[in-house]
Novice: 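Starting off with a structure, shown below.
We name chains A, B, ... by the order of the sequence lines, and we start the count at 1 in each one.
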Number of protein chains: 4
Amino acid sequence: MARPRSAAAERAMLDATRAALVELGWSKLTLGDVAARAGVAKTTLYRRWPGKSALVVDAVAVLFDELELPDRGSLAADVGGVVRSFAALLERPETATALMALVAESTRDPGLRDRIRTAVVDRQKRLVLEGRARAQARGELPPDADPVAAARQADLVFDVIAGAVVHRVLVSGEPADDAWVTAFTALLVAGLGALTPPG
Amino acid sequence: MARPRSAAAERAMLDATRAALVELGWSKLTLGDVAARAGVAKTTLYRRWPGKSALVVDAVAVLFDELELPDRGSLAADVGGVVRSFAALLERPETATALMALVAESTRDPGLRDRIRTAVVDRQKRLVLEGRARAQARGELPPDADPVAAARQADLVFDVIAGAVVHRVLVSGEPADDAWVTAFTALLVAGLGALTPPG
Amino acid sequence: MARPRSAAAERAMLDATRAALVELGWSKLTLGDVAARAGVAKTTLYRRWPGKSALVVDAVAVLFDELELPDRGSLAADVGGVVRSFAALLERPETATALMALVAESTRDPGLRDRIRTAVVDRQKRLVLEGRARAQARGELPPDADPVAAARQADLVFDVIAGAVVHRVLVSGEPADDAWVTAFTALLVAGLGALTPPG
Amino acid sequence: MARPRSAAAERAMLDATRAALVELGWSKLTLGDVAARAGVAKTTLYRRWPGKSALVVDAVAVLFDELELPDRGSLAADVGGVVRSFAALLERPETATALMALVAESTRDPGLRDRIRTAVVDRQKRLVLEGRARAQARGELPPDADPVAAARQADLVFDVIAGAVVHRVLVSGEPADDAWVTAFTALLVAGLGALTPPG
DNA sequence: TGTTAACCGAGACGGTACGTCCAGTCTTTCG
DNA sequence: CGAAAGACTGGACGTACCGTCTCGGTTAACA
């Protein structure tokens, strides 16, 4: 019976949020500024998101969904590829400042933690699962014996890859350059190979 | 010639900062509140630290310095030990909320980035170097051929360990329990062993 | 298109300002306190007035506008009447403390000087003009020959009356009692009569 | 920096106070700034004066004591002379801002009121008394019949002169130029003459 | 094809915290 | 041993955003 919400406004707000993150970073980003950039009233922002954190989750989630894992022919190449593209994503200013700040906020806000996991983190596990399946198909890794153990190992590998890249880029503050990617990939692939020798 | 700064006030401010972090978390921590808890005027806070970030760096840095690496007899045991104690540190509320927020801030503030690295991150590399040296003494790892390559590998191992733990605990939000620590340690030690077979 | 400013808030702020002047005087009056008394946010105060001085001008101006000059039948009686009511106004605590402080501030702030003159001082010249016209109608003073000279004399009389009362009450700090009012009135009326003898 | 510094320091502080009044005006004058200008510690300032008001009273009092009343040969000339020199004094920036502010403060502080009267206001009554005596000697005014009434009239004349000048210069904000001084003098002298006709 | 209710922009509102400045006091060190 | 230097507590400043609330004006689905 009533007028529906404007899809254009939604897009404008998310675009404005990313633009503001690039220019100002998380801590200087204000909802008033986002509203002004989007040509929208603050009210409209608050009608859709309960606050800055939720808005930013939605604004950056799409960036993470752009990650892909083309088949590069070998487990090592696939790992190197995903590491490189994840590092490139984290080197973008909006992603870096937002991801860490959201995680920081989420330590005090279980709702936010769930939202981040659902919208950002867990979705990327697909990359690990895909790479793993491909490696198994190639015979580089043994097939899953126990599905529970397999899931656990996938989670571990995900934490190792994502964690190492995050730490390298954001905490250590050094670039994930070719030398580093190569060394990390070698370490991980060697570890996986040594742990699960072909039967 | 003038009155010196009060050491008692300094201690009180850092203690108050940690207490406020535990109770309120990073984003709700205010310098006015810290000053009030410390029984100190805001002026005194601002005389010593330029802002919230710098204060919190100093307040949490000492917690990271408490990490130690007792000799547990084998490389695997040493890695497991450091992973466990680092995870325990990150599971403390003040550390978790502060570390991620500081890293987020630091993406926009090179001065802060340096401060964090100097006071928090780089100091912990000693744990890796120590563990590595011990493993070499035991014959678990080969001696350093090229010192530059050795330093690079130590940095890599540091990013992998710290990154995996941070990601597991803070991003994935799952506990670093025995099963996980064991699996991670096995993966890492296997990787190190496979990469650098004893000559 | 937007929400209009609240008239109730405006009234509350001016009332609170007068109340705070009475209790605290100019120098201990703080805008935070006024806001609190008025049940209003500091922001609302600053949205309408640029600072303490401007607010107080508006708060006290209405008090000066309450001065009136009923026809008391003779020039001397009219002068005595206005002197008494002006003295009574200056003996009110809010008026005394505010007027002098505003004048002090205005010596450094031309904008404030204009604001005071427009809102407080010049408006009271009406009393002199009215009394003068009445005296002329009664034949106590000769009609205006030169309108410019007449305006100048009105200004002079205004400065003499207002200045004498202000100085008596606020600088000398003595009451403007009947004896003083009578003596002053006699002096002024005698001077006016002697200067402009009926043709 | 030994002890015989005291007298020099006192002079330096009062000079610095006047200089700061000229530059900054009353409301932006700070004791820290005065101390710095005088090359003195804040402590030294507080040892001698209880606060800003008391310091400024002492700093400006000497300026008022410089007023003099040379014999200009007639009552009218003497009145004109004192009006001109008082106006010139009030047109100096340090005097104007300080006098009004002190009076404003004094409405809430009886101690300050007494201090101002003793050090600034009452001392200038000598000018009225001197001029009056001179006019009586010249036969322009009748000798005192009743000493009490004479004192009262002197006070009245003082309030009228000082008040009119203060109001003209500081409240009305117009210059006390020749035309105004002449008109005011004429009015006052005419009033005095008409009130007390030579017997 | 009007009605009309939800949406929209604008921006005022009560609040909270900011980072700065100054008041006035206290503590050291120097001359 | 008094004065400089300046750190200390305390509190107001004026600003910036927060998240909420009124407004008048504008759609778009329904009657």
Novice: Does the side chain of C:T43 get closer than 4.0 angstrom to OP1 or OP2 of E:dC13 through an N or O atom?
Specialist: no
Novice: Does C:R47 have a side-chain nitrogen or oxygen under 4.0 Å from the phosphate oxygens OP1 or OP2 of E:dC13?
Specialist: yes
Novice: Expressed in angstrom and rounded to an integer, what is the separation of D:Y46 atom OH from F:dT9 atom C1'?
Specialist: 14 Å
Novice: Touch check for B:T44, heavy atoms < 4.0 angstrom, all strands: base, sugar-phosphate only, or nothing?
Specialist: base
Novice: Provide, to the nearest angstrom, the distance between the CZ atom belonging to B:R5 and the C1' atom belonging to E:dT27.
Specialist: 15 Å
Novice: In whole Å, I'd like the distance from the CE atom of C:M13 to the P atom of E:dA12.
Specialist: 12 Å
Novice: Below 3.5 Å, does any donor atom in the side chain of B:R3 face an acceptor in the base of F:dC8, or the other way round?
Specialist: no
Novice: Quick check: on DNA chain F, is the nucleotide nearest B:A9 upstream (toward 5') of the one nearest C:P4, or the reverse? Name the residue that is more 5'.
Specialist: B:A9
Novice: Using a heavy-atom cut-off of 4.0 Å across all strands, would you classify A:G51 as base, sugar-phosphate, or nothing?
Specialist: nothing
Novice: Without decimals, in angstroms, what is the distance between B:L55 CG and E:dG19 P?
Specialist: 11 Å
Novice: Take C:A41 and B:L29, find for each the nucleotide of DNA chain E with the closest heavy atom, and name the residue whose nucleotide sits nearer the 5' end.
Specialist: C:A41
Novice: Between C:T30 and B:V40, just flag the one whose closest nucleotide in DNA chain F comes earlier from the 5' side.
Specialist: B:V40
Novice: Measure CZ/A:R37 against P/F:dC17 and give the value in whole Å, please.
Specialist: 12 Å
Novice: Looking across every strand, which nucleic acid part, if any, lies under 4.0 Å from A:S6 by heavy atom: base, sugar-phosphate, or nothing?
Specialist: sugar-phosphate
Novice: By nearest atom, which of the nucleotides E:dA10, F:dG14, F:dC18 is closest to the A:K42 side chain?
Specialist: F:dC18
Novice: Closer than 4.0 Å, any side-chain N/O of D:R48 to the OP1 or OP2 of F:dA3?
Specialist: no
Novice: So if I apply the side-chain contact (heavy atoms from CB on, under 4.5 Å) rule between C:V103 and each of D:V166, D:T97, D:L170, which one comes out positive?
Specialist: D:L170
